[in-house]
2 protein chains.
Amino acid sequence: MTRLSIATWNINSVRLRAGLIQRFVEERRPDIVCLQEIKCRNGEFPTHVFTQMGFPHLHIRGQKGWHGVAIASRFALEEISEPDFCPQQEARVAAVRVKGITLHNLYVPAGGDEPDTQINPKFAHKLAFLARMEAYYAAHPTNEPLVLVGDLNVAPGEHDVWGHKQLLNVVSHTPVETQALDKVMARGGFIDLARIAVPPSEKLFSWWSYRSPDWTKNDRGRRLDHIWANRELAKQFDADSFSIHKNARAWEKPSDHVPVMAHFDI
Amino acid sequence: MTRLSIATWNINSVRLRAGLIQRFVEERRPDIVCLQEIKCRNGEFPTHVFTQMGFPHLHIRGQKGWHGVAIASRFALEEISEPDFCPQQEARVAAVRVKGITLHNLYVPAGGDEPDTQINPKFAHKLAFLARMEAYYAAHPTNEPLVLVGDLNVAPGEHDVWGHKQLLNVVSHTPVETQALDKVMARGGFIDLARIAVPPSEKLFSWWSYRSPDWTKNDRGRRLDHIWANRELAKQFDADSFSIHKNARAWEKPSDHVPVMAHFDI
DNA sequence: GTCCTGTTGG
DNA sequence: CCAACAGGAC
């Protein structure tokens, strides 16, 4: 039996923040780092930094400028077919098999400002993405270990946001989104590992907006970044080791998201 | 009798290069630093850095984004009326009296690419600026000590450019510009101090384009930055101490211009 | 607030 | 090549 740790982090430009990843890796020594919003093409990814950090195995799904996801690993990655969640073919999905586990790394569209599919196509795109996720996982049941990580851009629970009532009409916490995410979870047979480790009644955030420089004072965060496992893999989850690396929000030139990390005994 | 040193430097964003100014000041200890292209509003000027460096006296003529000039001094600055050289009212002129000397710090318009006033309004603007300079200095003769410094964006002499013939049709060295500058100098009674210190037959540059990363190899520079004195002050110029700080072009994240410095015994 | 992509200016 | 700006996104 060995141990495997997986981290997920919306890094908001991997080129600008390779140094922060280095710092996180030194402090927490994850085996696998899943990134979102790398904001570069495959060829622009700072591969060298990752190989030097002990991650020779890279699976990069980049594109010019926006979005882009990547998986960096100490262990060999096996290429597998990627589910097609994105109607507009943006680089938002990376999938691999590693140590016998299927790993999906996702970056769900943020959805714009107005939570109205009629007037806001970005919101429609987000809901379409979530609907495709639901359909895919319902159609592909598996008893093999499966882990889904990423910036899902939805804070599903009451205590996944600083103020439930205040955010009910704010994109990321509207009922239509939280219900859509709940359905993905239920029909895919997923378990939200954060809420195994930390009771749902306890506030838990992974993102704090850039727009309030005093984010530390009033702690107005949201939990947008998730690690889900299917029943098979959840058995091997070590709840005591689950962590959200809130410190990283206070580092020099930070991402607005912080790393979330889970350990498995496999 | 005391000594007074004046430096001029097109800094190409004072906020980005405050650290380079610090390094220059430590190495050369100028009494007065005249800057061009500060590229910020008055309120955005890094005043704190200058006071810490021993320059509590600041005269800033900033504007949003482009141009902008400033004078930083160890000695008290007296506000005086500023000549109006700029038809478009850009922040290109700063004037003060310091230690009994009148100091004009100028940033002449670069003039665009095409040396043709018909098709290139920037070139017309540059020539209009130079014509206004000529008219002003001709109309304001003085026996008081006067020094004019700045990025004049003209390399007047054959050996003020890496290749005289190659640049005769390139903005900064066209006959219409060099003659215009010569007329300012002649009618204003100015002396080009660099050419007192260094014979006109010797190549002398203060600017090397960003566009050739191998600027050091072929040394394709131009002398665009000048220190002129009227006859009164020129008597007190110490030619042996004149310097062009070429090293600064090789510093980390440099300006494309380097500091030019003159000492006076007053 | 911060980053990306253009464009314009030097 | 390097810096500003504007516009869009999150």
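Chain identifiers are assigned alphabetically (A, B, ...) following the order of the sequence lines, protein sequences preceding nucleic acid strands; residue numbering begins at 1 within each chain. Note that the structure is predicted; figures quoted are calculated from it, not measured.
Within the 4.0 Å cut-off from OP1 or OP2 of C/dG1, not a single side-chain nitrogen or oxygen of A/Lys253 is found. OP1 or OP2 of D/dA4 lies within a sub-4.0 Å distance of a side-chain N or O belonging to B/Ser13.
Residue A/Arg15 places no side-chain atom within donor-acceptor reach of the base of C/dC4, judged by atom type and a 3.5 Å distance cut-off alone.
Cation-pi check for B/Arg92 over B/Tyr107 is met; the charged atom lies under 6.0 angstrom from the ring centroid and within 45 degrees of its normal. At least one cation-pi condition fails for B/Arg249 and B/Trp208: the charged atom is not both under 6.0 angstrom from the six-membered ring centre and inside a 45 degree cone around its axis. Judged by the 6.0 Å and 45° rule, B/Arg222 forms no cation-pi pair with B/Trp207.
Spacing between atom CG of B/Asp113 and atom C1' of C/dT7 amounts to 15 Å, rounded to whole angstrom units. Distance, A/Lys39 NZ to C/dT2 C1': 7 Å, rounded to whole Å. The distance between atom CD of A/Glu90 and atom P of D/dC10, rounded to the nearest whole Å, is 8 Å. If you measure from atom OH of B/Tyr210 to atom C1' of D/dA3, you get 8 Å, rounded to the nearest angstrom. Between the CZ atom of B/Arg17 and the C1' atom of D/dC1 there is a distance of 11 Å, rounded to whole Å. We find that CH2 of B/Trp207 is positioned 15 Å from P of D/dA3, with the value rounded to whole Å. With rounding to whole Å, B/Ile38 atom CD1 is found 16 Å from C/dG10 atom P.
Between atom CZ of residue B/Phe205 and atom CH2 of residue B/Trp215 there is a gap of 11.5 Å, rounded to the nearest 0.5 Å. Here the straight-line distance linking atom CG of A/Leu152 with atom CG of A/Leu224 works out to 8.5 Å at 0.5 Å rounding.
Position along DNA chain C of the nearest nucleotide to A/Asp256 versus A/Arg41 favours A/Asp256 as the more 5'-ward residue.
Counting only heavy atoms from C-beta outward, the side chains of A/Val260 and A/Arg223 never approach each other to under 4.5 Å. Side-chain atoms of B/Pro115 and B/Asn169, non-hydrogen and from C-beta on, do get closer than 4.5 Å to each other.
Residues of residues 60-69 of chain A having a heavy atom closer than 4.0 Å to DNA chain D, listed by number: A/Trp66, A/His67.
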